[in-house]
Amino acid sequence: MAQDHNMKPPTSFIPQPYRVTDGFGGPDYGPRDVMRDRENINMLIPPATDNGLLPNLKMSFSDTHMQLNKGGWSREITVRDLPVATTLAGVNMSLRPGGVRELHWHQQAEWAFMIWGSARVTSVDWQGRNFIADIERGDLWYFPAGLPHSIQALEGGCEFLLVFDDGTFSDLNTLSISDWFAHTPKDVLAANFGIPESAVAGIPNGQVYIYQDQVPGSIESQEVQSPYGTIPLSFKHSLLSQQPIVTPGGTVRIADSSNFPIAKTIAAALVEIKPGAMRELHWHPNNDEWQYYLSGQARMTVFGGNGIARTFDYRAGDVGYVPFAMGHYVQNTGNDTVWFLEMFKAPRFEDVSLNQWMALTPHQLVQSNLNASPELMNSLRKVKWPVVKYPQ
Ligand code: MN
Ligand code: MN
């Protein structure tokens, strides 16, 4: 078979844990999983700069339990699967047309990104003000901790990412309306609603979670007027229609409490990295970073101080994690554009660029500290964070 070097290696390509640059390593005779080795080439053949004992910072949704229901499915990545990720947990969910994530609430705030399709979400706050909105691709929603809500797919169905501000959260362990009904004495339910006990005979006998319903009518046809009005701070934000920060290597859209005021505990950035480009060396001075890769393939090295660094490969459907303040970059290693989300349990998105730090420090000090070449010193520039750049 003729080899086209512009294409990915053929499926017959068997990588070996041998580093050509220094001759370290040797062949792997097996047993082995060659497909996974190909996907995790920086794990199989770590850069010579990798060192030390950073914990695992990668988990794929493809390696999680899939909860299949009539009407849709869900899967999640929590501290059970990725123990380092204590600040945030993520759920990937898909609903068929009319499929419903039932009325429920939980002790954690819920942030969401609509990956594909559309859904109708509802909520009510503690003052009796209600919220109902249709969510399209690229939109966010945010439900503060403790407030009840529901999600129903519109025509065409939908898939979305949910992020919760607690790594121990599980979407299979929330407070659901059906579960509460099932575990309340029937005479109490009857007394609560002022109806005979026979009128609650047909309720579900346990948690429904996700179920199939009809596609709902227009939002106007479903409107419920609350005497207390609607929720003043919108639970919805259109992230993708937001004007991005445009850089030579890609784009960035940031949503945090500065432009999405209700999102007080989760800040996020939607980052686009073009082929050949990278999200430059940087860190975050406020909290850990939880990443979700939407498309393409990338590598990230996380630097943990004291000579410790570890490199991982990511692709669509993977979750990455960076502990608080550790240095990192994200480099597009494929032929397609990388789109990924970075999330922080924080009110604001904060980012420190290595390049900018150096540019804004007395240059003589920077030069002597690193024995920096004139080329390196000349490359320093004052930048507006965050920056996705092409290597020069
Ligand atoms: Mn929820
Ligand atoms: Mn980052």
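Whatever order the structure lists them in is the order used to number ligands and atoms, beginning at 1.
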message: For His282 and His284, take the angle between the two ring planes, folded into 0 to 90°, and tell me which bin it lands in: parallel under 30, tilted 30 to 60, perpendicular over 60.
response: perpendicular
message: If you round to 10 degrees, what value do you get for the angle at the Mn ion (ligand 2) between His282 atom NE2 and His328 atom NE2?
response: 80°
message: Tell me whether the Mn ion (ligand 2) has Asp351 as a neighbour, meaning an N, O or S atom of it below 2.8 Å.
response: no
query: Distance from Asn332 atom CG to Arg299 atom CZ, nearest 0.5 Å?
result: 11.5 Å
message: Under 4.0 Å between a side-chain nitrogen and a carboxylate oxygen: does that hold for Glu110 and Arg101?
response: no
Cationic N near anionic O, under 4.0 Å, Asp81 to Arg75: no
- prompt: Where the Mn ion (ligand 1) is the corner point, what angle links NE2 of His104 with NE2 of His149, to 10°?
  reply: 90°
query: Charged N to carboxylate O under 4.0 angstrom, Lys345 versus Asp165?
result: no
- request: Taking the Mn ion (ligand 1) as the reference point, name the nearest N/O/S atom of Glu110.
  value: OE1
query: What angle sits at the Mn ion (ligand 2) between NE2 of His284 and OE1 of Glu289, to 10°?
result: 80°
